[in-house]
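In what follows, chains carry the letters A, B, and so on, assigned in the order in which the sequence lines appear, proteins first and then strands, with residues in each chain numbered from 1.
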2 protein chains.
Amino acid sequence: MMKNNLKVERAIKSITQQELAKIIGVTRQAINSIELNKFVPSTILALKLSEFFNKPVNEIFFLEETD
Amino acid sequence: MMKNNLKVERAIKSITQQELAKIIGVTRQAINSIELNKFVPSTILALKLSEFFNKPVNEIFFLEETD
DNA sequence: TCTAAAAGTAATGTATAGTTGTCATTGTGT
DNA sequence: ACACAATGACAACTATACATTACTTTTAGA
């Protein structure tokens with residue numbers, strides 16, 4: 001299982017899903033679905049988020065134990 | 001465009017695509033296709049590779065300019 | 001409290017990640 | 001030169017990321 005703290009990062013920058021989506025180049029639903037762990041983004045998306053939030057991918061996304 | 005140095009990392013550990021694939025839990029063709037930039041792996045796969053190679057995702061995968 | 005923005009959710013469609021299987025090519029040791 | 005391991009490549013299939021549209025629910029501010 002993979003988790004992420006996109007919601008937190010977004011709160012730090014106080015930016016909406018909508019705005020983030022536009023910057024990254026995906027839909028608001030895509031951002032929403034990632035935040036809610038409904039799907040696993042591509043590495044390109046992860047790198048773009050990493051770039052935007054100025055944090056390494058590994059600090060935004062991480063694997064959880066128990067498979 | 002995204003690039004990666006999986007081939008180099010693999011050479012450092014002197015491990016075959018086959019072996020790496022088995023460890024990560026994908027097929028040899030998947031590893032091969034990623035190395036040859038034929039497709040973009042999921043963030044989970046990137047994190048597993050990051051874990052195995054003991055290097056941050058951003059040091060294995062990176063965005064290239066010119067789109 | 002009323003309202004509008006923000007976030008959650010769901011259906012359907014499309015693109016593409018990843019599998020399975022198979023064959024061709026390159027490299028390396030003997 | 002021969003054999004075999006490692007890699008590249010391709011076709012057909014399945015699973016799922018992500019788009020689009022649209023509707024509901026939650027949250028924050030006047």
Side-chain angles (χ1 to χ4, degrees):
Chain A
M1 195 49 187
M2 193 183 73
K3 293 216 170 171
N4 69 81
N5 30 42
L6 236 78
K7 197 160 189 166
V8 175
E9 296 299 339
R10 213 160 44 69
I12 292 170
K13 290 227 173 195
S14 59
I15 188 177
T16 68
Q17 294 182 341
Q18 186 88 271
E19 294 164 327
L20 178 57
K22 189 164 191 182
I23 291 165
I24 301 300
V26 294
T27 62
R28 180 180 69 77
Q29 285 82 347
I31 297 293
N32 186 35
S33 295
I34 294 164
E35 284 191 6
L36 299 178
N37 295 305
K38 293 219 178 149
F39 66 67
V40 175
S42 74
T43 300
I44 286 190
L45 230 166
L47 287 173
K48 284 184 182 172
L49 290 166
S50 164
E51 193 175 60
F52 176 73
F53 287 120
N54 243 325
K55 298 210 172 158
V57 171
N58 301 68
E59 280 184 27
I60 303 175
F61 295 95
F62 36 88
L63 298 172
E64 290 272 306
E65 298 317 309
T66 69
D67 192 275
Chain B
M1 194 49 189
M2 193 183 73
K3 294 215 172 172
N4 68 82
N5 30 43
L6 237 78
K7 197 161 190 167
V8 174
E9 296 299 339
R10 212 161 44 71
I12 291 170
K13 289 228 175 195
S14 60
I15 188 178
T16 68
Q17 294 181 341
Q18 186 87 270
E19 294 165 327
L20 178 57
K22 189 164 189 180
I23 292 165
I24 301 301
V26 294
T27 63
R28 180 182 70 77
Q29 286 84 341
I31 298 293
N32 187 37
S33 295
I34 293 164
E35 284 192 5
L36 300 178
N37 294 305
K38 293 219 178 151
F39 67 66
V40 176
S42 73
T43 300
I44 285 190
L45 230 167
L47 286 174
K48 285 184 182 171
L49 290 167
S50 164
E51 194 175 60
F52 176 73
F53 288 121
N54 242 325
K55 297 208 173 161
V57 171
N58 302 68
E59 280 184 26
I60 303 175
F61 295 95
F62 35 88
L63 298 171
E64 290 272 306
E65 298 316 312
T66 69
D67 189 273

Undergrad: To the nearest angstrom, how far is A:Gln18 atom CD from D:dT21 atom P?
TA: 14 Å
Undergrad: Is it true that B:Leu6 and B:Ile12 fall in one hydrophobic cluster, defined by side-chain heavy atoms closer than 4.5 Å?
TA: no
Undergrad: Expressed in angstrom and rounded to an integer, what is the separation of A:Lys22 atom NZ from D:dC18 atom C1'?
TA: 19 Å
Undergrad: For A:Ile15, does its backbone N or O pair with a side-chain atom of A:Arg10 as donor and acceptor, under 3.5 Å?
TA: yes
Undergrad: With distance as the sole test, does A:Ser33 use its side chain to make a donor-acceptor pair with the main-chain N or O of A:Lys38 at under 3.5 Å?
TA: no
Undergrad: Does one hydrophobic cluster hold both B:Leu45 and A:Met1, with members joined at side-chain heavy-atom distances below 4.5 Å?
TA: no
Undergrad: Judged by atom type as modelled, is there a donor-acceptor pair below 3.5 Å linking the side chain of B:Thr43 to the main-chain atoms of A:Ser42?
TA: yes
Undergrad: Using a cut-off of less than 4.0 Å, is there contact between a side-chain N or O of A:Asn32 and OP1 or OP2 of C:dG8?
TA: yes
Undergrad: What is the distance, to the nearest angstrom, from the CG atom on A:Asn37 to the P atom on C:dG8?
TA: 12 Å
Undergrad: Sugar-phosphate atoms are those with a prime plus P, OP1 and OP2; base atoms are the rest. Using that split, label each nucleotide of nucleotides 17-26 of chain C B, S or - for protein heavy atoms under 4.0 Å, 5' to 3'.
TA: SBSBBB----
Undergrad: May I ask you to test the B:Leu49-B:Phe61 pair for a side-chain heavy-atom distance under 4.5 Å?
TA: yes
Undergrad: Just so I know, are the side chains of A:Leu20 and A:Phe53 near enough to count as touching, which here means a heavy-atom distance under 4.5 Å?
TA: yes
Undergrad: Enumerate the residues from residues 2-16 of chain A whose closest heavy atom to DNA chain C is under 4.0 Å, giving them by residue number; use none for an empty result.
TA: A:Lys7, A:Arg10, A:Thr16
Undergrad: So, does A:Asn4 use its side chain to make a donor-acceptor pair with the main chain of A:Phe62 at under 3.5 Å?
TA: no
Undergrad: Please report, rounded to the nearest Å, how far the P atom of C:dT16 is from the CD1 atom of A:Ile44.
TA: 11 Å
